[in-house]
Chemist: 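Structure below; questions to follow.
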Amino acid sequence: MATRHNWTKEEILEIYNKPLMELLYEAATVHRKHHDPNTVQVSTLLSIKTGGCPEDCGYCPQAARYHTDIEGNDLMSVNHVKAQALRAKSAGSSRVCMGAAWRNVKDGPEFDNVLEMVRTINKLDMEVCCTLGMLTENQAQRLAEAGLYAYNHNLDTSEEYYKEVISTRGFDDRLETIDNVRKTNVTVCSGGIIGMGEKEEDRAGMLVALSTLNPQPESVPINALVPVEGTPMEEQAPVSIWEMVRMVATTRIVMPETQVRLSAGRTQMSREGQAMCFFAGANSIFAGDKLLTTPNPDVSEDMQMFKALGLNPQKPFTKKSKPETVEATESKYNSLGEKPKWSRPGHTIERNVVTEEKQKAKAKA
Ligand code: SF4
């Protein structure tokens with residue numbers, strides 16, 4: 001069956017709510033047609049600039065306003081990033097995802113450093129992904145020229161529920177950023193989080209938004225919320241493994257070619273639970289003891305799991321060939337010093353405001 005770009009919320013909900021055995025069988029069948037079921041990509045997520053973020057994403061410990069316990073740091077040096085990438089490579093990772101807690105990319109020396117990091121990692125024969133916030137077309141072109149393989153910009157949830165999570169940036173800006181990436185040869189990574197208090201309709205709504213993109217994202221991370229103390233979602237109940245398996249399987253069915261990434265929340269899952277996710281079509285994990293700021297299983301534990309399940313780590317550039325790196329001196333794109341007007345909806349999200357006030361009072365005390 002050809003990839004469809006016209007999925008409706010009703011159709012997706014019907015798939016999500018199928019009897020589990022049927023859902024698993026269907027998803028595994030789609031998975032086998034499009035991917036090697038015994039291969040799973042191992043990626044390493046590196047927080048190159050942590051904390052101090054001006055946004056109000058209700059799930060995120062890096063938002064400055066929630067004063068969580070995470071240790072912030074300024075932008076890492078290129079050498080530090082290179083050393084971490086080499087370590088990740090020797091531990092079996094084929095991809096490095098660099099995350100910076102920024103609202104959007106700003107032209108200037110910090111972005112120039114990120115471009116150098118991209119060049120450096122691409123030369124190590126690893127796939128490079130960045131998640132740096134909103135992005136203009138020129139910035140996307142400069143990343144592409146440096147050798148970026150993928151850009152991550154999550155939709156997080158459905159357009160409707162997004163308004164209950166973030167008030168400082170709009171859903172449309174997210175789509176525009178994805179569109180800007182699509183104007184280059186960089187692949188798109190975009191997914192979301194379940195367990196933020198959304199309804200099943202919102203999970204389906206997010207999958208509608210992703211699957212109706214044409215082309216669909218090459219990579220879709222599915223995260224289970226890790227509630228962090230101090231954030232507005234600190235008391236959110238954990239998602240069950242059944243919800244995770246259903247979400248992975250449904251994603252696999254509606255986006256057959258996509259690399260489905262089992263992302264945050266793996267520490268709460270048993271090996272058996274993760275095996276069910278792989279069977280349902282997940283074919284990537286993040287390795288390393290931290291996922292940006294939240295805990296993640298140890299690399300050696302993951303490798304033991306791979307051994308027990310007979311899984312092999314995916315080689316880099318299996319799905320798409322390695323991009324060329326153009327050196328900064330040869331670049332045909334200049335820094336434009338753009339000041340794009342990304343939106344700020346600014347509506348009130350009760351739980352975000354209450355948390356911010358509470359944290360402010362706590363910091364003062
Ligand atoms: S998710 Fe990203 S943009 Fe939102 S607060 Fe966290 S670091 Fe900032």
Side-chain angles (χ1 to χ4, degrees), residues 45-76 97-106 110-111 114 129-136 139 150-159 161-178 180-181 188-198 206 220-234 236 261 263-265 286 290-296 340 342-347 349 351-356 359-360:
L45 192 51
L46 209 55
S47 185
I48 56 170
K49 190 266 164 192
T50 311
C53 184
E55 306 302 288
D56 75 336
C57 309
Y59 51 82
C60 184
Q62 301 202 64
R65 63 189 75 206
Y66 305 137
H67 304 276
T68 58
D69 284 341
I70 60 146
E71 218 174 286
N73 68 268
D74 293 338
L75 190 66
M76 269 186 195
C97 304
M98 295 187 282
W102 289 333
R103 168 175 168 81
N104 59 286
V105 173
K106 292 191 184 103
E110 289 205 318
F111 184 45
V114 173
C129 176
C130 278
T131 182
L132 313 168
M134 272 96 70
L135 190 73
T136 65
Q139 290 164 339
Y151 193 80
N152 165 272
H153 200 57
N154 289 335
L155 292 185
D156 287 349
T157 184
S158 67
E159 184 168 6
Y161 197 67
Y162 186 88
K163 298 184 185 78
E164 305 293 322
V165 179
I166 304 157
S167 76
T168 55
R169 53 185 183 173
F171 197 78
D172 284 348
D173 290 343
R174 310 222 120 196
L175 293 172
E176 196 181 324
T177 292
I178 291 173
N180 286 337
V181 176
V188 168
C189 174
S190 184
I193 309 170
I194 64 170
M196 300 192 291
E198 75 289 343
M206 177 181 91
V220 174
I222 302 294
N223 295 277
L225 177 77
V226 178
V228 177
E229 205 184 325
T231 62
M233 296 189 187
E234 64 181 358
Q236 213 54 61
R261 300 183 186 273
S263 306
F286 284 102
K290 276 242 168 92
L291 254 195
L292 291 179
T293 57
T294 53
N296 198 48
W342 298 110
S343 73
R344 241 176 234 287
H347 55 283
I349 302 175
R351 64 181 164 183
N352 288 11
V353 175
V354 169
T355 307
E356 201 182 328
Q359 295 298 83
K360 228 190 254 167

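For ligands, and for the atoms within them, numbers begin at 1 and follow the listed sequence.
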Chemist: Counting C-beta onward and ignoring hydrogens, is there a side-chain heavy-atom pair between Asn223 and Asn154 closer than 4.5 Å?
Modeler: yes
Chemist: Using a cut-off of 2.8 Å, how many protein N, O or S atoms sit around atom 8 (Fe) of ligand 1?
Modeler: 1
Chemist: Checking a contact table here: which protein heavy atom is nearest atom 1 (S) of ligand 1, and how many Å away?
Modeler: Tyr59 OH, 3.5 Å
Chemist: Asp172: which residues meet the side-chain hydrogen bond (donor to acceptor under 3.5 Å, both in side chains) condition with it, sequence neighbours left out?
Modeler: none
Chemist: Answer yes or no: is there a side-chain heavy-atom contact under 4.5 Å between Lys49 and Trp102?
Modeler: yes
Chemist: Measure the shortest side-chain to side-chain distance between Asp56 and Tyr66 over non-hydrogen atoms and say whether it is less than 4.5 angstrom.
Modeler: yes
Chemist: Which protein heavy atom lies closest to atom 2 (Fe) of ligand 1, and at what distance to 0.1 Å?
Modeler: Arg169 NH2, 4.2 Å
Chemist: Can you give me the closest heavy-atom contact between Glu164 and Arg351, atom names plus distance?
Modeler: O-NH2, 3.3 Å
Chemist: For the residue pair Tyr151 and Asn180, establish whether any side-chain heavy-atom pair is separated by less than 4.5 Å.
Modeler: no
Chemist: Would you say the side chain of Asn152 lies within less than 4.5 Å of the side chain of Pro221, judging by non-hydrogen atoms?
Modeler: yes
